[in-house]
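Reviewing the structure listed below.
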Protein chains: 2
Amino acid sequence: MRADAKKNYDRLLSVARDVVTEHGADASLRDVARKADVGLGTLYRHFPTREALIEALLRTEVDGLTAQAAGLEESSEPKEALLTWLRGSVAITHEYRGVTGLLMAALEDSESALHASCVALHDTGTRLLDHAQAAGVARTDIDGTDLFALVAALAWVYDQPSLALRADHLFDVISGSVLPGQETARSA
Amino acid sequence: MRADAKKNYDRLLSVARDVVTEHGADASLRDVARKADVGLGTLYRHFPTREALIEALLRTEVDGLTAQAAGLEESSEPKEALLTWLRGSVAITHEYRGVTGLLMAALEDSESALHASCVALHDTGTRLLDHAQAAGVARTDIDGTDLFALVAALAWVYDQPSLALRADHLFDVISGSVLPGQETARSA
DNA sequence: ACCTGAACACCGTTCAAGT
DNA sequence: ACCTGAACACCGTTCAAGT
């Protein structure tokens with residue numbers, strides 16, 4: 001990548017992080033280009049689709065979570081590992097308002113720029129769920145895709161401003177349903 | 001209402017039902033007016049906001065569900081009553097793709113045209129939940145607003161095309177968590 | 001190679017002008 | 001009273017023209 005191209009790419013990503021944080025996943029791409037002092041065509045050259053831009057915003061976090069999960073599999077109890085992953089997974093998918101729908105759609109759309117990240121989340125969750133089920137701490141009538149859907153639904157809940165105060169409680173309700181037993185006690 | 005106005009109103013509503021069914025809650029209002037052979041200003045006169053239009057589309061069903069719930073309170077077991085209401089409630093809120101977010105936002109926005117319908121759903125659900133809790137068949141650590149949020153989250157799940165095949169299963173998972181069955185006969 | 005911005009086809013919303 | 005559609009300020013997306 002040429003030096004000036006890299007500069008534009010970085011600037012676009014940095015501006016996009018702010019704009020998408022403020023306006024959500026359907027923020028104006030024109031606005032991003034404008035604030036980055038870059039032609040509209042330049043944005044489209046670097047990020048051919050909205051998904052490509054969102055993907056670039058999420059990649060670091062998704063990769064980090066995937067890496068963390070590998071460690072969790074070895075160092076933690078299956079239940080605690082899954083719970084930790086659930087928390088991180090929900091946190092990432094609702095980091096930017098409105099990405100949840102995009103992520104859900106991308107799970108089955110191999111053309112989507114978000115597809116790889118989705119599959120990574122899905123597969124990691126599936127593995128941790130399998131372990132928890134084998135250990136007898138997770139209900140066995142759901143699979144990895146069900147778990148992914150519950151994560152997405154929870155992320156959607158966190159996206160709703162009017163539910164901000166009870167989102168953590170609803171997380172406990174749903175995660176407690178996946179991992180029955182004593183209350184999940186996620187508060188510190 | 002003048003006769004010609006009523007004709008336009010009815011035509012708009014009928015066209016809107018088709019267009020919103022096809023394109024979801026963020027369908028083009030211009031498109032609705034065009035297909036109804038009505039000026040754009042006429043649409044805005046009858047439905048000053050998008051919420052007002054959606055509200056007109058949902059009103060009949062919401063009222064029907066509220067009326068049905070009154071009957072359920074008397075004729076059914078508290079558990080079955082709540083379960084029936086949950087099913088109906090989810091069905092209504094995902095009848096048109098994407099209304100779930102609007103409904104959730106309208107719960108706390110008394111200016112929204114959807115506010116009354118939201119409150120009706122919320123309050124009916126709360127009453128049925130209270131009864132079920134009093135009868136000892138529903139968990140007692142959630143309130144009516146939590147229930148409303150779970151209904152909305154489920155409706156969101158039903159809205160996702162990629163989850164169509166497992167939405168019913170996820171409904172069972174979550175409703176089973178609200179109304180625990182025999183498998184939760186365990187020490188607390 | 002890469003960047004730019006005009007051009008096109010859409011929106012939502014308002015409001016003067018008509019009947 | 002009610003209806004109309006132009007007008008305004010926005011979009012997303014493409015692509016010829018520039019460096």
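All chains are named by letter (A, B, ...) in the order of the sequence lines, taking the proteins before the strands, and each is independently numbered beginning at 1. Computed over heavy atoms, backbone and side chain alike; hydrogens, waters and symmetry mates excluded.
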Margin query: Contact list please: residues 50-58 of chain B against DNA chain C, heavy atoms, distance less than 4.0 Å, in numerical order.
Written below: B:Arg50
Notebook entry, point to check: Rounded to whole angstroms, how far apart are CZ on B:Arg2 and C1' on D:dA1?
Noted result: 5 Å
Next item on the list: Please report, rounded to the nearest Å, how far the P atom of D:dC3 is from the CZ atom of B:Phe47.
Entry: 11 Å
Check: So which of A:Leu128, A:Val137, A:Leu179 actually passes side-chain contact (heavy atoms from CB on, under 4.5 Å) with A:Leu83?
Finding: A:Leu179
Margin query: Let's go through A:Lys6 and A:Asp10 carefully: what are the C-alpha distance in whole Å and the side-chain angles of both, what is the deciding distance for salt bridge (charged side-chain N to carboxylate O under 4.0 Å, His left out) to 0.1 Å, and is it a yes or a no?
Written below: CA-CA 6 Å; A:Lys6 169 117 179 78; A:Asp10 291 343; 2.9 Å; yes
Notebook entry, point to check: Within this structure, what is the NZ-to-C1' distance between A:Lys7 and C:dC3, rounded to whole angstrom?
Noted result: 12 Å
Notebook entry, point to check: Under the side-chain hydrogen bond (donor to acceptor under 3.5 Å, both in side chains) rule, what pairs show up with a residue in residues 19-30 of chain A, not counting sequence neighbours?
Noted result: none
Note to self: Please give me the minimum heavy-atom distance between B:Val15 and B:Val32, naming the atom from each residue.
What the structure shows: CG1-O, 3.7 Å
Check: Given Watson-Crick or G-U pairs with both distances under 3.5 Å, what dot-bracket string fits DNA chain C, with | for other-strand pairs and [ ] for crossing?
Finding: ||.|||||...|||||.||
Next item on the list: Please answer: with hydrophobic residues joined when any side-chain heavy atoms are less than 4.5 Å apart, are B:Trp156 and B:Phe171 in the same cluster?
Entry: yes
Next item on the list: Could you tell me whether the side chain of A:Thr124 and the main chain of A:Thr66 form a donor-acceptor pair under 3.5 Å?
Entry: no
Check: Looking only at side-chain N and O atoms, does A:Arg34 come under 4.0 Å of OP1 or OP2 in D:dC11?
Finding: yes
Notebook entry, point to check: Should the pair B:His94 and B:Tyr158 be assigned to parallel (<30°), tilted (30 to 60°) or perpendicular (>60°) ring geometry?
Noted result: tilted
Next item on the list: Would you mind telling me which of B:Ile174, B:Val178, B:Thr93 makes a side-chain contact (heavy atoms from CB on, under 4.5 Å) with B:Val151?
Entry: B:Thr93
Note to self: With a 4.0 Å cutoff (strictly under), does any side-chain N or O of A:Asn8 reach OP1 or OP2 of C:dC3?
What the structure shows: yes
Next item on the list: May I ask you to list the residues of residues 38-46 of chain B, by number, that have any heavy atom positioned under 4.0 Å from an atom of DNA chain D?
Entry: B:Val38, B:Gly39, B:Leu40, B:Gly41, B:Thr42, B:Arg45, B:His46
Notebook entry, point to check: To the nearest Å, how far apart are B:Leu12 CG and D:dC3 C1'?
Noted result: 12 Å
Notebook entry, point to check: Near DNA chain C, which residues from residues 13-31 of chain A have a heavy atom under 4.0 Å away?
Noted result: A:Arg30
Checklist line | Lys/Arg-Asp/Glu bridge criterion (N-O < 4.0 Å) met for A:Lys35, A:Asp31 | finding: yes
Next item on the list: For the pair A:Asp143 and B:Arg166, find out whether any cationic side-chain nitrogen is under 4.0 Å from an anionic carboxylate oxygen.
Entry: yes
Item checked: Under 3.5 Å side-chain donor-acceptor pair for B:Arg139 and B:Ser177 -> yes
Margin query: Suppose we screen for ring pair (Phe, Tyr, Trp, His ring centres under 6.0 Å). Which residues come up paired with B:Tyr44, at least two apart in sequence or across chains?
Written below: none
Item checked: Same apolar cluster: A:Leu72 and A:Leu86, side chain cutoff 4.5 Å -> no
